[in-house]
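Here is the structure we will look at.
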Protein chains: 2
Amino acid sequence: MFSLAEENYLKAIYHLESKTQGAVSTNAIADAMATKPSSVTDMVQKLADKKVLSYIKYKGTSLTDKGKKTAANVIRKHRLWEVFLVEKLNFHWDEVHDIAEQLEHVHSTELIARLDKFLGFPDFDPHGDPIPDKHGNIKPTEKKLLSELNKNQKGVCVGVKESNSDFLQYLDKKHITIGTKISVLGKEFFDGSMVIQVGRDQFFISKKIAENLYMQTN
Amino acid sequence: MFSLAEENYLKAIYHLESKTQGAVSTNAIADAMATKPSSVTDMVQKLADKKVLSYIKYKGTSLTDKGKKTAANVIRKHRLWEVFLVEKLNFHWDEVHDIAEQLEHVHSTELIARLDKFLGFPDFDPHGDPIPDKHGNIKPTEKKLLSELNKNQKGVCVGVKESNSDFLQYLDKKHITIGTKISVLGKEFFDGSMVIQVGRDQFFISKKIAENLYMQTN
DNA sequence: TATAATTTTTAGATAAGGCTAAAAATAAAA
DNA sequence: TTTTATTTTTAGCCTTATCTAAAAATTATA
Ligand SMILES: [Mn+2]
Ligand SMILES: [Mn+2]
Ligand SMILES: [Mn+2]
Ligand SMILES: [Mn+2]
């Protein structure tokens with residue numbers, strides 16, 4: 001059993017590992033967790049003792065299989081609770097993260113099994129992120145960023161990269177959500193901006209927006 | 001905002017106050033929380049600083065209005081989550097307490113407001129205990145213990161006093177649950193045992209059982 | 001009322017998790 | 001290849017929540 005602090009470290013390291021190749025640096029973890037590098041060193045040494053990650057002084061850390069599974073399980077809980085909050089309690093998708101941050105630390109495998117069933121065994125959370133199965137496995141999906149599409153390509157929005165409130169509220173204003181069809185009408189190669197079509201609306205979006213929307217093109 | 005430990009102390013003191021008259025003793029709190037009296041003294045001094053209880057050395061403590069409201073709110077969350085677990089996730093009434101012990105510490109008034117609505121604004125938890133409203137008020141109910149009933153009296157089971165697994169499973173075996181009609185066919189004044197009728201079944205129960213079932217007689 | 005038993009508090013330790021400041025190792029620049 | 005800058009670790013301290021052992025206050029008993 002892992003403490004709340006330990007679970008949060010494992011989760012952060014798991015996400016960092018998936019974003020970069022090789023061992024995760026102490027500073028990167030400190031940044032991600034808004035804490036100090038010295039605190040990270042302490043915790044990482046403790047987690048190495050518990051065999052959930054391997055740590056080499058000055059060289060960084062990487063999760064063991066046990067660590068990956070533990071982290072994925074916390075992420076599974078987080079995302080299932082987010083589905084619950086949106087689907088059952090009618091929260092908006094920009095309001096659920098902080099509450100899920102707390103709920104993810106409730107320990108009960110039976111609870112999560114039943115919640116999963118109650119929600120109809122969802123595959124994705126409200127932000128389009130995949131929900132790991134009970135073994136910690138995530139089925140790979142072929143998605144690309146909207147910014148990678150070219151003129152005249154189209155697809156369906158399947159997720160958001162960032163999910164802070166400002167961004168999600170912008171998407172709402174533009175009527176973009178998971179499942180929305182988007183066509184690229186124009187793309188400016190100088191700054192990466194685009195003109196896109198959403199429903200009957202056509203409008204301009206910046207590169208920053210396009211880089212935070214995951215699309216599936218078939 | 002109160003820590004998990006502080007919330008648990010407030011809850012325990014709240015329950016102790018409702019069971020006895022006058023200030024709550026340090027030892028009583030230590031017993032209820034399975035901790036040491038010295039730990040209780042420390043925490044009680046801290047909670048007195050925070051104005052949620054009044055504490056006089058060697059004389060015991062009693063909750064202030066602020067303390068009562070805070071405690072009632074934790075209890076409200078606990079009981080609403082228990083309703084959720086039983087009504088929505090199909091847990092059995094003897095399985096939900098430990099999970100609710102964790103869920104009750106999730107901080108979000110919006111979450112509880114929506115959960116309350118989702119559950120249809122329930123008045124009682126799965127064990128028949130009343131759910132305080134958002135202001136911490138509990139509507140008084142006229143219930144008495146089955147052991148207080150006499151021969152030929154009858155009523156409806158509206159709650160259980162103890163709710164440990166063994167007792168709840170005994171009740172299941174005898175088909176007694178919240179809402180079950182029970183008639184007292186006989187009562188032995190020597191040991192307080194009874195013969196009762198539940199549905200078509202008639203059987204013997206000990207005083208201990210009768211002292212843990214709340215009844216409403218109309 | 002003096003003595004004994006019980007309850008409660010204080011003093012001092014410990015463990016988890018975090019911080020600052022200084023030291024050590026590594027990486028970058030000259 | 002030195003020197004400088006950056007990263008990482010160590011050392012020492014803090015807070016919260018616990019504990020044990022000893023002291024103090026209260027209550028019960030003789
Ligand atoms: Mn989230
Ligand atoms: Mn999410
Ligand atoms: Mn309970
Ligand atoms: Mn209950």
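Lettering of chains follows the sequences in order, A, B, ..., and the numbering in each one begins at 1.
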Exercise. Under 4.0 Å between a side-chain N/O of B:T41 and OP1 or OP2 of C:dT9, yes or no?
Worked result: yes

Seminar exercise, completed: A:D31 CG to D:dT6 C1', in whole Å, measures 13 Å

Exercise. Quick one: is D:dT9 close enough that its OP1 or OP2 comes under 4.0 Å of any side-chain N or O from A:Q45?
Worked result: no

Exercise. B:E6 has an atom CD; how far is it from atom P of D:dT15, in whole Å?
Worked result: 15 Å

Exercise. Counting just side-chain N and O atoms, does A:N27 come under 4.0 Å of either OP1 or OP2 of D:dT8?
Worked result: yes

For this session: Using modelled atom types only, decide if a donor and an acceptor are shared between the side chain of A:K187 and the backbone of A:L149 within a distance under 3.5 Å.
Result: yes

Problem set entry | Minimum side-chain heavy-atom gap A:V52-A:F2 below 4.5 Å | yes

Exercise. Taking atom types as modelled, is there a side-chain donor on A:S193 or A:D191 under 3.5 Å from an acceptor on the other?
Worked result: yes

Exercise. Between atom CG in A:D49 and atom P in C:dA16, what is the gap in whole Å?
Worked result: 11 Å

Exercise. Using a cut-off of less than 4.0 Å, is there contact between a side-chain N or O of B:Y55 and OP1 or OP2 of C:dT9?
Worked result: yes

For this session: Can you tell me the distance, in whole Å, between the CE atom of A:M43 and the P atom of C:dC19?
Result: 11 Å

For this session: Check if the side chain of A:S38 and the base of C:dT20 share a donor-acceptor pair of N or O atoms closer than 3.5 Å.
Result: yes

Exercise. So is A:K88 actually on top of A:F118's ring, under 6.0 Å and inside 45° of the axis?
Worked result: yes

Exercise. Could you give the CG-to-P distance, from B:L4 to D:dT15, as a whole number of Å?
Worked result: 21 Å

Exercise. Starting at CD1 of A:I56 and ending at P of D:dT9, how long is that distance when rounded to a whole Å?
Worked result: 11 Å

Problem set entry | Whether B:Y170 and B:F167 hold their rings parallel, tilted or perpendicular, with breakpoints at 30° and 60° | parallel

Exercise. Would one find a side-chain N or O of A:T35 under 4.0 angstrom from OP1 or OP2 of C:dC19?
Worked result: yes

For nucleotides 25-29 of chain D, print each protein N/O atom paired with a nucleotide N/O atom at under 3.5 Å, atom names and distance only.
{"from": "D:dA25", "atom 1": "O4'", "to": "B:Y58", "atom 2": "OH", "distance (Å)": "3.3"}

Problem set entry | Sugar-phosphate only, base, or nothing, as touched by A:S39 at under 4.0 Å among non-hydrogen atoms | base

For this session: Would you mind reading off the distance between A:Y9 atom OH and C:dA16 atom P, rounded to a whole angstrom?
Result: 14 Å

Exercise. If you measure from the Lys or Arg side-chain nitrogens to the Asp or Glu carboxylate oxygens, is any gap between A:E7 and A:K11 under 4.0 Å?
Worked result: no

For this session: Provide the closest heavy-atom pair for B:E95 versus A:R114 in the form atom of the first, atom of the second, distance.
Result: OE1-NH2, 4.4 Å

Problem set entry | Atom pair distance, as rounded to whole Å: CG in A:D42 and P in D:dC14 | 16 Å

